[in-house]
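Chain naming here is simple, since letters A, B, ... match the order of the sequence lines and numbering starts at 1 in each.
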Protein chains: 2
Amino acid sequence: MASSPTHPSGRDPTIFDVAALAGVSKSTVSNVVRGTDGVSETTRARVERAIEILGYRPNALARQFVRQRTTILGVLVGDLDNPFYGDIAKRVERVAFRSGYTTMFCNIEGEDDDFALSRVEALLEQRPAGVVFLAFFGRSPDIEAALGKSVPVVFAGLREDWGDSVAVSNSLGAKLATQHLIDLGHRRIAYVTTRGVEQRAGQARHRGYQSALRAAGAPAGPPIHWEPGGERVTIKGREASLREELGGPDGATAIFCSNDIGAIALLEYADRHDIRIPGDLSVVGFDDVHLASLARISLTTVRQPLDEIARVSVETVLARMAGDLVGPPRHLQVSPSLVVRASTAPPAA
Amino acid sequence: MASSPTHPSGRDPTIFDVAALAGVSKSTVSNVVRGTDGVSETTRARVERAIEILGYRPNALARQFVRQRTTILGVLVGDLDNPFYGDIAKRVERVAFRSGYTTMFCNIEGEDDDFALSRVEALLEQRPAGVVFLAFFGRSPDIEAALGKSVPVVFAGLREDWGDSVAVSNSLGAKLATQHLIDLGHRRIAYVTTRGVEQRAGQARHRGYQSALRAAGAPAGPPIHWEPGGERVTIKGREASLREELGGPDGATAIFCSNDIGAIALLEYADRHDIRIPGDLSVVGFDDVHLASLARISLTTVRQPLDEIARVSVETVLARMAGDLVGPPRHLQVSPSLVVRASTAPPAA
DNA sequence: CGGTCCTGCTGGAACGTTCCAGCGCATCTA
DNA sequence: TAGATGCGCTGGAACGTTCCAGCAGGACCG
């Protein structure tokens with residue numbers, strides 16, 4: 001048990017101990033602690049002195065209990081080990097802390113929906129004041145039911161169909177990426193996506209890709225689903241060989257990949273199969289994870305303004321909590337930007 | 001406000017509502033909810049039915065309040081954005097969840113001790129049942145004071161001077177790394193360290209490096225402190241040029257770097273300065289972050305068994321919490337292993 | 001000078017659990 | 001059959017806050 005030096009009784013001092021020492025009522029101590037006004041300067045000083053002497057610290061558990069709310073901000077993360085999530089998680093945490101909230105992370109690794117749901121329930125049991133989603137959920141009805149309408153929710157960059165959201169403009173980002181390839185002279189540009197979890201964002205990115213190509217009068221293909229590490233891909237439900245889609249005489253000369261981790265896996269694949277980048281194949285990613293800027297990777301990509309996304313997301317959910325923001329869900333968009341590096345070049349002649 | 005369909009009164013149903021419906025006392029409901037035995041099968045069934053009907057969910061805030069403890073496991077992370085921390089954080093979370101604990105992460109970015117301290121205090125205010133350190137703290141006396149003796153603490157892989165710890169054997173890992181370079185034929189092997197935050201681990205790694213070289217009759221240098229991105233290094237407090245330490249006629253032919261992120265930064269530096277790796281210079285890291293296994297990085301490194309560290313760390317702190325582990329701090333060591341990749345080769349002839 | 005208003009402080013009630021002493025009743029033992 | 005034992009259940013107390021109605025007493029107003 002912790003015990004302050006001046007209060008060796010074993011139990012932590014309570015508001016009553018402070019009140020007794022300062023010669024005031026518990027209510028006054030409470031008012032001082034909470035910074036309520038309506039306490040005279042002299043009384044305040046006396047109480048503060050008593051707090052100091054006793055080493056009193058408010059019991060957060062009691063406070064949370066009586067107020068029936070915490071200063072916990074729940075954060076649901078797709079995969080902490082993915083640098084994109086790690087990066088944004090860190091920023092969310094920083095912003096929340098500045099506003100007096102403590103973040104509670106739950107890591108969800110998309111694989112198992114039941115697992116994800118049980119994680120969400122464990123999080124909700126702590127009665128967070130709000131929840132920030134950095135992860136996508138397939139079974140949203142269950143999640144929605146679990147959340148009820150009891151907790152404000154914001155989606156940081158992932159979906160726009162439920163709750164508030166703050167997202168980069170996926171279609172604009174995809175347009176920037178695709179237009180860059182078009183400007184370099186590419187015509188056969190493929191769109192590769194790697195993870196089911198980003199369905200909605202991925203769809204929007206595919207639309208942006210399509211619209212850029214259409215505007216340029218070039219052909220846009222369907223999404224090519226690829227599981228990093230594998231040799232096979234799925235196109236409109238049919239299996240095919242990744243090798244044949246890339247770099248060959250009829251294959252694509254450039255790829256826009258729906259995310260950096262996938263794009264980097266593509267670079268790996270290319271390295272193993274003697275496809276030179278950007279000589280034989282140009283690759284553009286999405287996210288601008290740190291990794292992408294390493295000289296040995298040097299991936300051209302679309303940068304998400306993570307700081308802004310994190311800041312605005314937290315601000316939004318805090319505003320909902322405070323009642324400052326009411327009404328229907330608000331969907332904010334932030335602007336992506338293109339970062340050109342060494343993974344893109346004009347197509348071979 | 002959340003409300004179950006069958007309980008539209010606005011307030012969440014309490015144990016009393018369940019008791020009334022089931023025709024028993026609140027105590028019996030409590031016993032059913034907590035799984036206490038001493039409740040007959042028929043009563044239990046009746047209570048469970050009532051719980052179902054009302055959609056009752058125990059109020060975690062009230063429970064925590066009355067028991068004065070939570071099922072929150074605090075985790076202090078060095079930098080969530082560093083893949084090493086992200087990886088181990090994720091594993092810790094997984095193990096904790098399996099044991100019924102929810103993890104609360106606090107991200108500490110070593111720079112600012114006052115900030116770190118305020119983060120720790122915010123974490124402690126939630127009264128976690130235990131704390132796992134994945135970060136190193138310079139000002140441990142303050143942290144120690146803040147923690148008091150009230151919360152069991154375990155250090156995962158970082159220090160061995162306070163609280164329980166579960167760490168890879170840093171000196172053995174360093175020996176493996178250095179011996180690998182010696183076996184390849186290197187004699188001029190430098191030790192580079194990048195971050196103040198890993199002082200203790202770094203010191204142990206330097207000792208392992210020294211002992212391997214001594215055993216081989218080769219010279220061991222002092223730690224070379226390098227700030228990734230810079231050109232200058234500090235050796236025993238004196239400044240020098242990194243370029244001159246590496247690859248030159250008198251410079252090192254191989255480097256053992258105290259961590260992978262630093263080692264990868266060294267690769268970057270080498271790339272920019274036309275030092276070929278491993279032709280001109282061999283590099284070994286420590287940690288085996290995912291990144292290191294990318295074909296374009298392919299860093300020889302020392303792997304930490306992160307799963308084991310995470311599992312044993314959480315087990316240790318849970319055992320302390322439960323009182324199953326008593327007595328003086330326990331310092332467990334786990335074994336590192338060498339992962340040979342393409343960043344090391346025999347020295348140029 | 002009586003009433004009203006404000007300021008600073010008070011004390012009770014409430015929050016929803018857990019924990020525990022204790023009680024009635026049936027069963028077992030001598 | 002009396003007493004002991006144990007099982008299943010009960011009701012009160014406690015946990016440390018916040019919130020709120022209310023109360024003195026001084027200042028201000030007509």
*Asks:* Measure CG/A/N59 against C1'/D/dG16 and give the value in whole Å, please.
*Replies:* 6 Å
*Asks:* Between B/R67 and C/dC19, is there a contact of a side-chain N or O with OP1 or OP2 at under 4.0 Å?
*Replies:* yes
*Asks:* On DNA chain C, compare the nucleotides closest to A/T42 and B/F16; which residue's is nearer the 5' end?
*Replies:* A/T42
*Asks:* Quick one: A/I51 CD1 to D/dG16 C1', roughly how many Å, whole number?
*Replies:* 14 Å
*Asks:* Salt bridge or not for B/E121 and A/R57, using N-O below 4.0 Å?
*Replies:* no
*Asks:* Is the distance from OP1 or OP2 of D/dC9 to the nearest side-chain N or O of B/S40 less than 4.0 Å?
*Replies:* yes
*Asks:* Would you mind reading off the distance between B/F65 atom CZ and C/dG16 atom C1', rounded to a whole angstrom?
*Replies:* 9 Å
*Asks:* Checking all strands, does B/S27 fall into the base, sugar-phosphate, or nothing category for heavy-atom contacts under 4.0 angstrom?
*Replies:* base
*Asks:* What nucleotide among C/dG16, D/dT17, C/dT10 has an atom nearest to a side-chain atom of B/T14?
*Replies:* C/dG16
*Asks:* Round to the nearest Å and state the distance from B/D17 atom CG to C/dG16 atom P.
*Replies:* 9 Å
*Asks:* Using a strict cut-off of less than 4.0 Å between a Lys/Arg side-chain nitrogen and an Asp/Glu carboxylate oxygen, indicate whether A/R94 and B/D81 qualify as a salt bridge.
*Replies:* no
*Asks:* List the steps, then state whether salt bridge (Lys or Arg N to Asp or Glu O under 4.0 Å) holds for B/R330 with B/D164.
*Replies:* CA-CA 5 Å; B/R330 189 177 69 174; B/D164 296 312; 5.5 Å; no
*Asks:* Could you check A/S30 against B/T28 and say which one's nearest nucleotide on DNA chain D is further toward the 5' end?
*Replies:* B/T28
*Asks:* Rounding to an integer number of Å, can you tell me how far B/E125 CD sits from D/dG16 P?
*Replies:* 16 Å
*Asks:* Has B/R69 got more than 12 heavy atoms of other residues, nucleotides or ligands less than 6.0 Å from its CZ?
*Replies:* no
*Asks:* Any side-chain N or O of A/R63 under 4.0 Å from OP1/OP2 of D/dT18?
*Replies:* yes
*Asks:* Taking CG from B/L54 and P from C/dG16, how many angstroms apart are they, rounded to a whole number?
*Replies:* 14 Å
*Asks:* Want to settle it: does B/Q68 or B/R44 sit nearer the 5' end of DNA chain D, counting the closest nucleotide to each?
*Replies:* B/R44
*Asks:* Look at all strands and tell whether A/V33 reaches a base, only sugar-phosphate, or nothing, counting heavy atoms closer than 4.0 Å.
*Replies:* nothing
*Asks:* Taking only side-chain N and O atoms of A/R34, does any of them lie within less than 4.0 angstrom of OP1 or OP2 on D/dC19?
*Replies:* yes
*Asks:* Report yes if at least one side-chain N or O of A/S25 is closer than 4.0 Å to OP1 or OP2 of C/dT10; otherwise report no.
*Replies:* yes
*Asks:* To the nearest angstrom, how far is A/K26 atom NZ from D/dC20 atom C1'?
*Replies:* 10 Å
*Asks:* Salt bridge or not for A/E125 and B/R63, using N-O below 4.0 Å?
*Replies:* no
*Asks:* Without decimals, in angstroms, what is the distance between A/D12 CG and D/dT17 C1'?
*Replies:* 14 Å
*Asks:* Between A/V66 and A/E41, name the one whose nearest nucleotide on DNA chain C is closer to the 5' end.
*Replies:* A/E41
